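No experiment lies behind these values; they were computed from the predicted model shown.
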Amino acid sequence: MDVVHMIAKLGDMKDEHYRNTLAISTIIELLVDKGILTREELAIKADELDQFMACSPYPTV
């Protein structure tokens, strides 16, 4: 029975992930459509954040 619950939770998580991704994508598209941000600015910031995550300045334990 635990396996069934785990599979159900994974399905719920997949749906939640889809809804969150859709919401973020919608917000980004609206900001670009309204001229508040450009796709280039988003790409630059995404690269910056990706680099920060890859080379975190914080010590690891």
Side-chain angles (χ1 to χ4, degrees):
M1 204 53 156
D2 288 338
V3 173
V4 173
H5 289 290
M6 185 181 300
I7 292 170
K9 280 190 172 210
L10 285 172
D12 291 343
M13 288 173 63
K14 181 179 174 184
D15 290 342
E16 186 174 342
H17 176 71
Y18 170 76
R19 286 191 302 273
N20 288 339
T21 303
L22 180 61
I24 291 169
S25 297
T26 301
I27 291 168
I28 289 170
E29 289 299 320
L30 285 169
L31 292 171
V32 170
D33 289 349
K34 291 177 182 245
I36 296 170
L37 293 173
T38 66
R39 294 195 187 283
E40 291 78 20
E41 290 172 319
L42 289 166
I44 291 168
K45 183 53 75 173
D47 287 340
E48 288 175 12
L49 292 174
D50 189 45
Q51 288 298 316
F52 176 77
M53 294 302 293
C55 303
S56 176
Y58 303 112
T60 57
V61 177

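Looking at Glu16 and Arg19, no side-chain N of the basic residue comes within less than 4.0 Å of a carboxylate O on the acidic one, giving no salt bridge.
A search for salt bridge (Lys or Arg N to Asp or Glu O under 4.0 Å) contacts involving Glu40 returns nothing, not counting sequence neighbours.
Interatomic distance, Thr26 OG1 to Glu29 CD, rounded to the nearest 0.5 Å: 8.0 Å. Rounded to the nearest 0.5 angstrom, Leu10 CG and Asp15 CG are separated by 11.0 Å. Between the CD1 atom of Ile28 and the CG atom of Asp33 there is a distance of 11.5 Å, given to the nearest 0.5 Å. Between atom CG of residue Leu49 and atom CD1 of residue Ile44 there is a gap of 12.0 Å, rounded to the nearest 0.5 Å.
Contact between Val32 and Leu42 at its shortest, heavy atoms only, is CG2-CD1, 3.8 Å.
Results of the side chain to side chain contact (heavy atoms under 4.5 Å, CB included) test with Lys34 over Ile36, Leu31, Leu37 single out Ile36 as the only residue that passes.
In the hydrophobic cluster analysis, where Ile, Leu, Val, Met, Phe, Trp and Tyr join through side-chain heavy atoms closer than 4.5 angstrom, Leu22 is grouped apart from Ile27.
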